[in-house]
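Worksheet: one structure, shown below.
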Amino acid sequence: MAEALRVGIAGLGTVGASVARVLRDKAAELTRQCGRDIIVAAVSARDPKRDRGVDVSSARWFDDPVKMAQTAEIDVFIELIGGDEGPARLSVKAALEAGRHVVTANKALLAKHGVALAEIAEKKGVLLNYEAAVAGGIPVIKTMREAMAGNSVTRVFGILNGTCNYILTRMEAEGISFDACLKDAQRLGYAEADPTFDIEGHDTAHKLSILTSLAFGTKIAANDIYMEGISNITQADIRAAGDLGYRIKLLGVAQRTESGIEQRVHPTMVPTASVIAQVHGVTNAVAIETDILGELLLSGPGAGGNATASAVIGDIADIAKSRPGFQHGPVFGRPAKELRPYKKAQMRSHAGGYFIRLTVHDRIGVFAAIAKRMADNDISLESIVQHAVSGEAAAQKTVILVTHETTEAAVRKAVDGITKDGHLTDKPQVIRIERAG
């Protein structure tokens with residue numbers, strides 16, 4: 001049997017403690033699968049006295065994760081610290097430069113420094129594995145990096161944030177407001193005390209930028225993603241979507257267009273009959289469209305200690321199965337130095353259907369003015385629905401428009417015109433309609 005694989009875990013929070021626990025509890029099974037023992041030789045965290053529910057006393061303790069990354073006492077450095085700078089970046093860089101394999105769950109770090117870190121890993125001939133950074137326990141990185149040779153990806157999209165999917169699922173199922181759902185998600189631990197990173201789309205954008213690089217062979221461009229969150233989604237939108245045969249999901253979408261690569265994160269209406277519309281709660285899903293395979297949908301737990309730990313353990317096992325002299329594949333599916341500069345497509349040229357909700361004054365001429373603005377911008381309407389508003393807002397109406405395929409620019413221009421006409425009593429809502437398998 002080969003020598004034991006010695007791992008060092010930096011960060012002993014929920015995920016780090018789960019990884020240590022699985023490595024202990026599943027030691028015999030992992031040895032059979034990998035052909036060698038995997039032992040936790042070192043750990044690093046902020047508080048050495050904190051009870052984490054797992055005994056790591058046999059591992060050497062390091063106060064400084066960078067020193068642990070550099071020690072010859074480990075073969076694999078597992079980064080579960082978090083953050084795109086500071087100890088996370090410094091320790092991963094140090095480990096790679098010292099010739100250590102690295103496993104990380106840090107999507108923010110990869111979104112910002114992934115290409116530079118990949119260049120170091122490939123130069124040193126070591127692995128940089130990051131399955132846990134995107135979609136939790138779903139093996140989407142392995143699938144795209146290893147299992148789709150010869151396929152040309154045309155589009156990748158999915159539900160990449162469990163917090164947002166949980167909120168939208170409960171809003172639909174229980175008819176409660178966004179704010180009420182968010183508070184409950186925070187109480188249950190599905191949302192952070194400051195939920196901005198999740199609900200405004202930043203978390204999804206980081207994950208999407210990594211998938212984009214894998215799909216299209218471009219450098220990571222997390223700052224070039226069009227982004228909208230879900231904080232402005234109301235019960236009126238949820239109900240209208242259901243009436244029209246749609247369900248609202250926060251999607252990350254990357255696709256190849258004639259003008260470049262389009263990356264966008266935003267609330268989207270998907271047909272209720274589609275598979276991705278059936279993905280509920282904290283579950284994630286990723287769809288990959290290719291020329292050979294067609295469409296592949298991967299779905300499963302997207303967050304939590306066990307799901308993320310499972311992905312981390314899978315990455316460690318891959319390293320344990322490799323042998324000296326084995327030629328490792330490139331970090332992002334292509335050599336880092338061959339990744340092409342990202343060419344951003346023009347978002348406003350995106351074609352597709354749109355849902356438009358307008359709250360307007362209930363007076364003569366408003367509907368005709370709306371119709372004229374649509375016609376002036378060559379927007380063909382699939383359906384028009386008017387609802388009276390009761391109570392104190394009885395002098396208002398809700399107008400819901402669903403367009404046929406049109407452009408982002410045309411819709412924005414029409415809505416801007418309606419707004420300037422002075423007919424609206426509230427901010428307009430525009431939600432894209434996405435074809436989905």
Side-chain angles (χ1 to χ4, degrees), residues 2-13 15-17 19-20 23-24 34 36-50 52 54 56-133 308-309 311-313 315-332 336-337:
E3 290 185 4
L5 185 75
R6 304 164 302 167
V7 305
I9 304 174
L12 288 173
V15 176
V19 169
L23 289 176
R24 179 197 65 191
C34 301
R36 64 197 295 193
D37 293 334
I38 302 173
I39 61 172
V40 179
V43 292
S44 178
R46 291 178 180 174
D47 182 2
K49 297 180 180 180
R50 179 183 166 190
R52 296 172 172 87
V54 60
V56 292
S57 60
S58 61
R60 181 181 173 188
W61 182 275
F62 285 83
D63 292 322
D64 183 356
V66 175
K67 289 185 178 179
M68 187 179 80
Q70 294 169 327
T71 182
E73 297 177 34
I74 65 170
D75 306 302
V76 184
F77 179 76
I78 304 171
E79 185 275 307
L80 300 171
I81 302 168
D84 59 13
E85 296 292 350
R89 181 192 178 194
L90 292 173
S91 59
V92 167
K93 185 172 182 287
L96 294 172
E97 289 177 338
R100 313 277 177 260
H101 300 295
V102 169
V103 173
T104 181
N106 193 335
K107 66 264 181 183
L109 175 68
L110 293 170
K112 189 170 183 180
H113 302 293
V115 175
L117 294 172
E119 289 183 1
I120 299 171
E122 290 165 17
K123 180 180 178 182
K124 292 290 185 177
V126 295
L127 284 166
L128 171 56
N129 287 351
Y130 52 95
E131 188 66 69
T308 307
V312 171
I313 296 295
D315 279 345
I316 297 169
D318 281 346
I319 295 170
K321 293 172 187 176
S322 67
R323 294 295 181 263
F326 177 77
Q327 186 64 41
H328 302 300
V331 175
F332 292 104
K337 290 185 179 298

Residues in side chain to side chain donor-acceptor pair (under 3.5 Å) contact with [X], at least two apart in sequence or another chain:
X    : result
T104 : E79
S58  : none
E131 : none

Heavy atoms from other residues, nucleotides or ligands near CZ of R46 exceed 12 (cutoff 6.0 Å): no
To the nearest 0.5 Å, what is the distance between [atom1] on [X] and [atom2] on [Y]?
X    : Y    : atom1 : atom2 : result
K124 : L96  : NZ    : CG    : 10.0 Å
I38  : I313 : CD1   : CD1   : 7.0 Å
I9   : I78  : CD1   : CD1   : 4.5 Å
R36  : E3   : CZ    : CD    : 7.5 Å
D37  : L5   : CG    : CG    : 10.0 Å

Before you tell me yes or no, could you show the steps for R52 and D47 under side-chain contact (heavy atoms from CB on, under 4.5 Å), namely the whole-Å CA-CA distance, both residues' side-chain angles and the distance that decides it to 0.1 Å? CA-CA 10 Å; R52 296 172 172 87; D47 182 2; 4.1 Å; yes
Can a donor-acceptor pair be found, under 3.5 Å and without considering hydrogens, that links the side chain of [X] to the backbone of [Y]?
X    : Y    : value
N106 : G83  : yes
E122 : A336 : yes
R6   : A4   : no
H101 : V76  : no
H113 : D84  : yes
Y130 : V331 : yes

Would you say that V103 contacts L80 through its side chain, given a criterion of any heavy-atom pair below 4.5 Å between the two side chains?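 With C-beta onward as the side chain, the pair stays apart.
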So, do V43 and L12 sit near enough that their side-chain heavy atoms are less than 4.5 Å apart? yes
Hey, mind stepping through D75 and V7 against side-chain contact (heavy atoms from CB on, under 4.5 Å) and telling me if it holds? CA-CA 6 Å; D75 306 302; V7 305; over 6 Å; no
Assess whether side-chain contact (heavy atoms from CB on, under 4.5 Å) is satisfied between R100 and V126, documenting all intermediate values. CA-CA 7 Å; R100 313 277 177 260; V126 295; over 6 Å; no
Taking all atoms of both residues into account, what is the closest heavy-atom pair of F332 and V115, and its distance? CE1-N, 4.1 Å
Do you know the tightest heavy-atom contact between A105 and A132? CB-CB, 3.6 Å
Quick one: ring-ring contact (aromatic ring centres under 6.0 Å, His included) partners of F77, sequence neighbours excluded? none
Sequence neighbours excluded, every pair satisfying salt bridge (charged side-chain N to carboxylate O under 4.0 Å, His left out) that has a member inside residues 64-74: R60-E73
Per the salt bridge (charged side-chain N to carboxylate O under 4.0 Å, His left out) rule, what does the pair list look like for residues 88-99, sequence neighbours excluded? E85-R89, K93-E97
How far apart are the C-alpha atoms of S91 and I81, what are their side-chain angles, what is the distance that settles it, and do they pass the side-chain contact (heavy atoms from CB on, under 4.5 Å) test? CA-CA 10 Å; S91 59; I81 302 168; 4.0 Å; yes
